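Notes follow the structure.
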Amino acid sequence: MSPPERRATETLIEAATTAWRPRSPSGEIRAHPAWADLDAAGRLAAYEAARRLRRLEAARDPDGLSTTARAVLARLGRVER
Amino acid sequence: MQETLLRVWQEAPRFVPDGRENGLLRLAIRIGRNFAISQLRRRRLEPALIEALEADAQAAEDSALAPARASDPLLRRRIAECLRRLARQPGRALAARLDSGGFEPDETLAAGLRMRRNTFLQNVTRARQLVAACLERHGVDLAMELG
(Lines give C-alpha, C1' and ligand atoms only; values in the text may rest on other atoms or scores of the structure.)
Protein backbone atom coordinates (compact mmCIF):
# COMPACT_ATOMS: atom_id res chain seq x y z
CA MET A 1 0.00 0.00 0.00
CA SER A 2 1.45 3.40 -0.98
CA PRO A 3 1.72 6.16 1.68
CA PRO A 4 -1.23 8.15 0.21
CA GLU A 5 -3.34 4.97 0.13
CA ARG A 6 -2.36 4.20 3.72
CA ARG A 7 -3.32 7.72 4.83
CA ALA A 8 -6.66 7.43 3.03
CA THR A 9 -7.36 4.11 4.77
CA GLU A 10 -6.38 5.54 8.16
CA THR A 11 -8.75 8.46 7.58
CA LEU A 12 -11.58 6.06 6.70
CA ILE A 13 -10.84 3.96 9.79
CA GLU A 14 -10.89 7.04 12.03
CA ALA A 15 -14.09 8.29 10.40
CA ALA A 16 -15.78 4.95 11.15
CA THR A 17 -14.94 5.16 14.89
CA THR A 18 -17.42 7.95 15.61
CA ALA A 19 -20.67 7.05 17.40
CA TRP A 20 -22.59 9.35 15.04
CA ARG A 21 -24.72 7.40 12.57
CA PRO A 22 -26.83 8.54 9.63
CA ARG A 23 -30.53 7.68 9.56
CA SER A 24 -32.66 6.21 6.81
CA PRO A 25 -35.78 8.20 5.79
CA SER A 26 -37.79 5.92 8.11
CA GLY A 27 -35.45 6.70 11.03
CA GLU A 28 -33.52 3.41 11.08
CA ILE A 29 -29.90 3.82 12.12
CA ARG A 30 -27.49 3.05 9.30
CA ALA A 31 -23.83 2.11 9.20
CA HIS A 32 -21.35 4.97 8.90
CA PRO A 33 -20.65 5.73 5.20
CA ALA A 34 -16.90 5.15 5.74
CA TRP A 35 -17.70 1.53 6.60
CA ALA A 36 -18.78 0.88 3.00
CA ASP A 37 -15.43 2.15 1.69
CA LEU A 38 -13.27 -0.06 3.91
CA ASP A 39 -12.06 -3.53 2.95
CA ALA A 40 -12.21 -6.47 5.39
CA ALA A 41 -8.87 -5.60 7.06
CA GLY A 42 -9.87 -1.94 7.36
CA ARG A 43 -13.21 -2.89 8.93
CA LEU A 44 -11.46 -5.06 11.47
CA ALA A 45 -9.06 -2.20 12.30
CA ALA A 46 -12.01 0.22 12.61
CA TYR A 47 -13.82 -2.23 14.91
CA GLU A 48 -10.76 -2.57 17.18
CA ALA A 49 -10.15 1.20 17.24
CA ALA A 50 -13.83 1.91 18.03
CA ARG A 51 -13.88 -0.75 20.74
CA ARG A 52 -10.87 0.87 22.47
CA LEU A 53 -12.32 4.33 22.03
CA ARG A 54 -15.65 3.30 23.60
CA ARG A 55 -13.77 1.88 26.60
CA LEU A 56 -11.84 5.12 26.90
CA GLU A 57 -15.04 7.17 26.66
CA ALA A 58 -16.79 5.02 29.25
CA ALA A 59 -13.82 5.14 31.62
CA ARG A 60 -13.74 8.94 31.33
CA ASP A 61 -17.50 9.36 31.76
CA PRO A 62 -18.77 9.86 35.34
CA ASP A 63 -21.70 7.52 34.60
CA GLY A 64 -19.49 5.01 32.79
CA LEU A 65 -21.27 5.61 29.48
CA SER A 66 -19.66 5.60 26.04
CA THR A 67 -20.72 7.98 23.27
CA THR A 68 -22.67 5.07 21.73
CA ALA A 69 -24.63 4.73 24.98
CA ARG A 70 -25.17 8.51 25.09
CA ALA A 71 -26.38 8.55 21.47
CA VAL A 72 -28.80 5.66 22.11
CA LEU A 73 -30.13 7.22 25.33
CA ALA A 74 -30.74 10.47 23.47
CA ARG A 75 -32.68 8.53 20.80
CA LEU A 76 -34.83 6.62 23.30
CA GLY A 77 -36.78 9.73 24.17
CA ARG A 78 -37.85 9.95 20.53
CA VAL A 79 -38.71 6.28 19.96
CA GLU A 80 -42.14 4.81 20.63
CA ARG A 81 -42.32 1.42 22.31
CA MET B 1 -25.08 -1.74 17.71
CA GLN B 2 -27.23 1.38 18.15
CA GLU B 3 -30.14 -0.06 16.16
CA THR B 4 -29.91 -3.24 18.26
CA LEU B 5 -30.05 -1.29 21.53
CA LEU B 6 -33.12 0.63 20.32
CA ARG B 7 -34.84 -2.62 19.36
CA VAL B 8 -34.02 -4.13 22.75
CA TRP B 9 -35.61 -1.13 24.45
CA GLN B 10 -38.74 -1.60 22.34
CA GLU B 11 -38.88 -5.34 23.11
CA ALA B 12 -38.05 -5.06 26.82
CA PRO B 13 -41.66 -4.51 28.08
CA ARG B 14 -42.69 -7.84 26.51
CA PHE B 15 -39.67 -9.72 27.86
CA VAL B 16 -40.55 -12.71 30.06
CA PRO B 17 -37.61 -14.11 32.11
CA ASP B 18 -36.98 -17.82 31.55
CA GLY B 19 -35.17 -18.28 34.85
CA ARG B 20 -31.69 -18.39 33.35
CA GLU B 21 -29.05 -15.79 34.21
CA ASN B 22 -28.73 -12.62 32.10
CA GLY B 23 -32.04 -13.19 30.32
CA LEU B 24 -32.35 -9.65 28.99
CA LEU B 25 -28.74 -9.64 27.82
CA ARG B 26 -29.33 -12.94 26.02
CA LEU B 27 -32.36 -11.39 24.34
CA ALA B 28 -30.21 -8.40 23.32
CA ILE B 29 -27.57 -10.67 21.79
CA ARG B 30 -30.27 -12.60 19.91
CA ILE B 31 -31.81 -9.38 18.58
CA GLY B 32 -28.37 -8.13 17.52
CA ARG B 33 -27.52 -11.40 15.82
CA ASN B 34 -30.86 -11.57 13.98
CA PHE B 35 -30.53 -7.95 12.87
CA ALA B 36 -26.98 -8.56 11.58
CA ILE B 37 -28.12 -11.68 9.69
CA SER B 38 -31.07 -9.84 8.12
CA GLN B 39 -28.62 -7.15 6.95
CA LEU B 40 -26.39 -9.84 5.41
CA ARG B 41 -29.38 -11.43 3.64
CA ARG B 42 -30.41 -8.03 2.33
CA ARG B 43 -26.92 -7.80 0.79
CA ARG B 44 -27.42 -11.22 -0.81
CA LEU B 45 -24.43 -12.90 0.79
CA GLU B 46 -24.03 -16.62 0.17
CA PRO B 47 -26.30 -18.61 2.53
CA ALA B 48 -23.35 -20.88 3.49
CA LEU B 49 -21.32 -17.85 4.55
CA ILE B 50 -24.24 -16.48 6.55
CA GLU B 51 -24.63 -19.85 8.30
CA ALA B 52 -20.92 -19.90 9.16
CA LEU B 53 -21.11 -16.36 10.59
CA GLU B 54 -24.24 -17.33 12.54
CA ALA B 55 -22.39 -20.32 14.05
CA ASP B 56 -19.44 -18.06 14.99
CA ALA B 57 -21.82 -15.60 16.64
CA GLN B 58 -23.44 -18.43 18.62
CA ALA B 59 -20.01 -19.61 19.82
CA ALA B 60 -19.06 -16.06 20.86
CA GLU B 61 -22.21 -15.59 22.96
CA ASP B 62 -20.59 -16.71 26.22
CA SER B 63 -17.79 -14.15 25.98
CA ALA B 64 -20.41 -11.44 25.33
CA LEU B 65 -22.07 -12.43 28.60
CA ALA B 66 -18.94 -11.71 30.66
CA PRO B 67 -19.70 -9.00 33.25
CA ALA B 68 -18.68 -5.46 32.31
CA ARG B 69 -15.95 -3.85 34.38
CA ALA B 70 -17.05 -1.04 36.65
CA SER B 71 -15.70 2.42 35.92
CA ASP B 72 -12.42 2.83 37.83
CA PRO B 73 -11.96 6.29 39.45
CA LEU B 74 -8.16 6.07 39.25
CA LEU B 75 -8.26 5.19 35.55
CA ARG B 76 -10.69 8.09 34.99
CA ARG B 77 -8.23 10.47 36.67
CA ARG B 78 -5.35 9.15 34.59
CA ILE B 79 -7.35 9.54 31.38
CA ALA B 80 -8.38 13.09 32.31
CA GLU B 81 -4.73 13.90 33.06
CA CYS B 82 -3.55 12.47 29.72
CA LEU B 83 -6.30 14.36 27.85
CA ARG B 84 -5.20 17.60 29.52
CA ARG B 85 -1.62 17.01 28.38
CA LEU B 86 -2.52 16.62 24.72
CA ALA B 87 -1.16 19.13 22.22
CA ARG B 88 -3.73 21.79 21.37
CA GLN B 89 -5.11 20.59 18.03
CA PRO B 90 -5.32 16.85 18.81
CA GLY B 91 -6.77 17.77 22.21
CA ARG B 92 -9.48 19.96 20.70
CA ALA B 93 -10.37 17.35 18.08
CA LEU B 94 -10.67 14.44 20.52
CA ALA B 95 -12.55 16.57 23.08
CA ALA B 96 -15.05 17.59 20.39
CA ARG B 97 -15.59 13.93 19.50
CA LEU B 98 -16.01 12.81 23.10
CA ASP B 99 -18.20 15.74 24.13
CA SER B 100 -20.51 15.42 21.13
CA GLY B 101 -21.84 12.11 22.47
CA GLY B 102 -22.40 10.86 18.93
CA PHE B 103 -24.91 13.62 18.13
CA GLU B 104 -22.92 15.41 15.43
CA PRO B 105 -21.11 14.14 12.32
CA ASP B 106 -17.39 14.82 12.08
CA GLU B 107 -17.98 17.39 9.33
CA THR B 108 -19.91 19.55 11.81
CA LEU B 109 -17.36 19.05 14.61
CA ALA B 110 -14.49 19.90 12.25
CA ALA B 111 -16.25 23.03 11.00
CA GLY B 112 -16.82 24.11 14.60
CA LEU B 113 -13.05 23.88 15.17
CA ARG B 114 -12.28 25.49 11.80
CA MET B 115 -10.50 22.38 10.59
CA ARG B 116 -10.86 20.41 7.39
CA ARG B 117 -12.52 17.05 7.96
CA ASN B 118 -9.34 15.12 7.09
CA THR B 119 -7.24 17.31 9.42
CA PHE B 120 -9.80 16.76 12.15
CA LEU B 121 -9.65 12.98 11.68
CA GLN B 122 -5.84 12.99 11.63
CA ASN B 123 -5.90 14.95 14.88
CA VAL B 124 -8.29 12.43 16.46
CA THR B 125 -5.97 9.59 15.42
CA ARG B 126 -2.94 11.45 16.82
CA ALA B 127 -4.81 12.20 20.05
CA ARG B 128 -5.77 8.54 20.53
CA GLN B 129 -2.16 7.49 20.02
CA LEU B 130 -0.87 10.15 22.44
CA VAL B 131 -3.41 9.24 25.11
CA ALA B 132 -2.52 5.55 24.77
CA ALA B 133 1.21 6.35 25.09
CA CYS B 134 0.56 8.63 28.08
CA LEU B 135 -1.53 5.96 29.85
CA GLU B 136 1.18 3.38 29.26
CA ARG B 137 3.77 5.75 30.75
CA HIS B 138 1.53 5.96 33.83
CA GLY B 139 1.59 2.19 34.13
CA VAL B 140 -1.89 1.54 32.75
CA ASP B 141 -2.16 -1.88 31.12
CA LEU B 142 -4.03 -0.90 27.95
CA ALA B 143 -4.73 -4.47 26.89
CA MET B 144 -6.43 -5.11 30.23
CA GLU B 145 -8.16 -1.76 30.76
CA LEU B 146 -9.15 -0.85 27.21
CA GLY B 147 -8.72 -4.12 25.34
Side-chain angles (χ1 to χ4, degrees), chain A residues 4 6-24 26-37 40 45-81, chain B residues 1-14 35 39 68-80 82-83 93-95 97-109 117-129 131-132 135 140 142-147:
Chain A
R6 200 180 59 240
R7 271 197 299 278
T9 301
E10 283 170 0
T11 302
L12 283 173
I13 289 170
E14 196 60 68
T17 63
T18 177
W20 176 83
R21 294 289 179 271
R23 309 266 184 268
S24 70
S26 62
E28 190 179 83
I29 297 167
R30 288 189 165 163
H32 193 281
W35 191 255
D37 295 328
Y47 165 74
E48 288 298 341
R51 202 164 60 88
R52 280 197 160 203
L53 193 56
R54 299 292 170 268
R55 293 258 190 205
L56 183 83
E57 293 161 1
R60 162 192 186 264
D61 187 278
D63 300 319
L65 297 175
S66 67
T67 54
T68 295
R70 293 266 173 221
V72 170
L73 286 174
R75 285 268 297 167
L76 291 183
R78 300 197 288 271
V79 175
E80 292 296 317
R81 267 183 173 168
Chain B
M1 169 67 87
Q2 294 188 28
E3 186 63 32
T4 296
L5 291 171
L6 289 174
R7 289 175 185 214
V8 170
W9 188 78
Q10 288 173 315
E11 284 296 319
R14 291 184 286 279
F35 179 62
Q39 294 291 307
R69 282 192 296 272
S71 183
D72 173 354
L74 181 62
L75 179 61
R76 273 219 314 270
R77 273 208 303 279
R78 289 273 186 255
I79 290 171
C82 288
L83 289 172
L94 187 59
R97 258 283 186 87
L98 298 181
D99 294 342
S100 80
F103 300 134
E104 304 276 5
D106 286 337
E107 287 78 1
T108 307
L109 300 176
R117 178 176 168 273
N118 278 9
T119 309
F120 173 82
L121 291 170
Q122 284 161 12
N123 274 311
V124 174
T125 303
R126 184 84 187 115
R128 286 198 299 106
Q129 290 166 346
V131 169
L135 289 172
V140 174
L142 291 178
M144 193 180 87
E145 300 292 349
L146 305 177

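Convention: sequence-line order gives letters A, B, ...; per-chain numbering from 1. Predicted, not measured: the structure shown is a model, and the values here were computed from it.
- Contacts between B:Q2 and chain A at a heavy-atom distance below 4.5 Å involve backbone atoms as well as side-chain atoms.
- The most heavy-atom pairs under 4.5 Å with chain B, out of A:T67, A:T68, A:L65, come from A:T67.
- The minimum heavy-atom distance linking B:R117 with B:E107 is given by the pair NE-OE2, 3.0 Å.
- Interface check for chain B: of the options A:A15, A:S66, A:A49, A:A31, the most heavy-atom pairs under 4.5 Å are formed by A:A15.
- The residues B:E3 and B:R7 are annotated as salt-bridged, a charged nitrogen and a carboxylate oxygen being separated by less than 4.0 angstrom.
- Within the 4.5 angstrom heavy-atom criterion, only side-chain atoms of B:L83, from C-beta onward, approach chain A.
- The contact between B:R128 and chain A is made entirely by side chain atoms (from C-beta outward), counting heavy-atom distances below 4.5 Å.
- We find that A:R7 and A:E10 are not joined by a salt bridge, their nearest charged nitrogen and carboxylate oxygen being 4.0 Å or further apart.
- Look at B:R76 and A:D61 and you find no salt bridge, because none of the NZ, NE, NH1 or NH2 atoms lies under 4.0 Å from a carboxylate O.
- Under the 4.0 Å criterion applied to side-chain N and carboxylate O atoms, A:R70 and B:D99 are not assigned as salt-bridge partners.
- Proximity to chain B (any heavy atom under 4.5 Å) is shown, for A:T17, by both the backbone and the side chain.
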